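These notes are about the structure you will find just below.
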Amino acid sequence: MAKARAAGVPEEAIKQAQAEGRLHRPVRLLFLAYADVLEPPTRPLPPDFDPETCIANYFPITRCYVHRFDDPHCSRNAAYVRHLYGWARDPERHYQGQICIGEYYNVSGYRCLPACFMSTMATDIPYYYARGARHFHYMHCTTKNWGNKALTNWQMARQLWDPGVNCEALWQDYFSGRYGPAAHPMRRFYESLEQMLGNVTE
């Protein structure tokens with residue numbers, strides 16, 4: 001009976017396989033905190049729920065990019081801030097596990113628009129880190145023909161390595177290294193893209 005039950009509960013099946021020597025690596029299960037299941041649990045989790053194995057993947061799917069994520073005057077983002085607090089920081093929360101953030105810096109709905117999120121990322125990533133998130137990804141990571149997404153990918157990698165990094169220094173390094181004498185006008189171009197496409201979701 002125990003084996004049959006374990007086979008139906010993923011984290012228990014993983015632990016059983018590890019104990020039997022059939023699985024020799026750590027396995028983590030990400031579950032969605034997303035769309036209609038974005039609010040944190042309102043009841044205690046089952047006693048056999050393992051917060052070391054299961055990670056909540058929090059997706060602020062329709063957040064506002066015109067305003068900072070933590071802008072108290074942005075009602076749309078305020079709801080996401082409240083939900084994230086319930087998942088990650090509320091002393092009375094039921095979920096005590098890890099948090100992964102799934103952002104939308106290149107969601108497929110944008111098609112090929114050259115959306116830029118340099119200043120958004122500069123505030124987002126330290127904010128998420130300060131709230132306890134230790135995993136991060138964005139939809140949908142560009143795999144070829146990066147264009148201006150090269151900055152998104154490079155900046156994300158540098159910020160995830162060090163969430164407290166000085167983004168102003170990063171940008172100076174990036175634009176001077178990539179564009180040489182055209183660094184200043186190209187930076188203004190990227191900043192204009194971010195301002196122009198900040199409400200691209202709408």
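Everything numeric in this text was worked out from a predicted model, so none of it was measured. The basis for the numbers below is simple: all heavy atoms, side chains too, and nothing from hydrogens, waters or symmetry mates. By convention here, the first residue in the shown sequence is residue 1.
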- [ ] Show your reasoning for whether side chain to side chain contact (heavy atoms under 4.5 Å, CB included) applies to Y174 and Y190.
- [x] CA-CA 12 Å; Y174 180 85; Y190 276 63; 4.1 Å; yes
Open item on the list: Can you confirm whether Q159 sits close enough to P126 that some side-chain heavy atom of one is under 4.5 Å from a side-chain heavy atom of the other?
Closed with: yes
Open item on the list: Is any side-chain heavy atom of W87 closer than 4.5 Å to one of P41?
Closed with: yes
TODO: With rounding to the nearest 0.5 Å, note down the distance linking CG in L170 to CZ in R158.
DONE: 5.0 Å
Open item on the list: Tell me the closest heavy-atom pair linking C141 and N153, and the distance in Å.
Closed with: SG-OD1, 4.0 Å
- [ ] Measure the spacing between CE of M118 and CG of N148 and express it to the nearest 0.5 Å.
- [x] 10.5 Å
- [ ] For Y127 and I101, run side chain to side chain contact (heavy atoms under 4.5 Å, CB included): C-alpha distance rounded to whole Å, both residues' side-chain angles, the deciding distance at 0.1 Å, then the answer.
- [x] CA-CA 11 Å; Y127 179 86; I101 300 296; over 6 Å; no
Task: ILVMFWY network linking F69 to Y34, side-chain heavy atoms under 4.5 angstrom - done: yes
TODO: Would you name the heavy atoms of K149 and A115 that are closest together and state the gap between them?
DONE: NZ-O, 3.5 Å
Open item on the list: Set out, in order, the CA-CA distance, both residues' side-chain angles and the distance that settles side chain to side chain contact (heavy atoms under 4.5 Å, CB included) for I14 and Q16, then state yes or no.
Closed with: CA-CA 5 Å; I14 289 169; Q16 181 175 322; over 6 Å; no
Task: Minimal non-hydrogen separation, N145 against T142, with atom names - done: O-CG2, 4.3 Å
Task: Validation row: K15, D50 side chains within 4.5 angstrom (heavy atoms) - done: yes
TODO: Tell me whether the centres of the aromatic rings in F189 and Y179 are closer together than 6.0 Å.
DONE: no
- [ ] Any chance you could lay out the ring pair (Phe, Tyr, Trp, His ring centres under 6.0 Å) test for Y129 and F136, step after step, and finish with the verdict?
- [x] CA-CA 9 Å; Y129 185 83; F136 185 94; over 10 Å; no
- [ ] Flag yes if V107 and V200 sit in one hydrophobic cluster, no otherwise; membership is Ile, Leu, Val, Met, Phe, Trp, Tyr, and two members link when side-chain heavy atoms are under 4.5 Å apart.
- [x] yes
TODO: Under the salt bridge (charged side-chain N to carboxylate O under 4.0 Å, His left out) rule, what do R187 and E194 come out as? Steps first, then yes or no, please.
DONE: CA-CA 11 Å; R187 174 166 174 175; E194 183 163 23; over 6 Å; no
Task: Closest non-hydrogen atom pair, C116 against L193 - done: CB-CB, 4.1 Å
- [ ] Looking only at non-hydrogen atoms, find the nearest pair between L38 and A33 and report the distance.
- [x] CD1-O, 3.1 Å
- [ ] Apply side chain to side chain donor-acceptor pair (under 3.5 Å) to Y80 and T62, showing your working.
- [x] CA-CA 9 Å; Y80 287 115; T62 58; 2.7 Å; yes
Task: Test item: side-chain donor near acceptor, E191 and Q195, under 3.5 Å - done: no
- [ ] Mind running side chain to side chain contact (heavy atoms under 4.5 Å, CB included) on C100 and H137 for me, showing each step along the way?
- [x] CA-CA 8 Å; C100 176; H137 66 99; 3.6 Å; yes
Task: Summary of salt bridge (charged side-chain N to carboxylate O under 4.0 Å, His left out) pairs that have at least one residue in residues 71-95, sequence neighbours excluded - done: R76-E202
Open item on the list: As an exercise, state the distance from OH of Y110 to OG1 of T201, rounded to the nearest 0.5 Å.
Closed with: 3.0 Å
Open item on the list: How long is the straight-line distance from SG of C54 back to OH of Y95, given to the nearest 0.5 Å?
Closed with: 7.5 Å
- [ ] Might you point out which heavy atoms bring G102 and P60 nearest each other, and give the distance in Å?
- [x] O-CD, 3.4 Å
Open item on the list: Please check: side-chain N/O of N106 versus main-chain N/O of H140, any donor-acceptor pairing under 3.5 Å?
Closed with: yes
Open item on the list: If we check side chain to side chain donor-acceptor pair (under 3.5 Å) with E103, which of these qualifies: Y65, Y58, Y138?
Closed with: Y65
Task: Side-chain ion pair, R63 and D124, N-O less than 4.0 Å - done: yes
Task: Atom CZ of F31 with >12 non-hydrogen neighbours under 6.0 angstrom - done: yes
Task: Q18, CD: over 12 other non-hydrogen atoms inside 6.0 angstrom - done: yes
Task: Same apolar cluster (I L V M F W Y, side chains within < 4.5 Å links), I55/Y128 - done: no
Task: Value rounded to 0.5 Å, distance of CZ in R28 from NE2 in H135 - done: 8.0 Å
Open item on the list: Applying a strict under-4.5 Å side-chain criterion to I, L, V, M, F, W and Y, I'd like to know whether I61 and Y105 cluster together.
Closed with: yes
TODO: May I ask whether L84 and V37 are part of the same hydrophobic cluster, defined by side-chain heavy atoms of I, L, V, M, F, W, Y residues being less than 4.5 angstrom apart, directly or through others?
DONE: no
Open item on the list: Let me confirm one number: the CG-CD distance from L160 to Q155, rounded to the nearest 0.5 Å.
Closed with: 10.0 Å
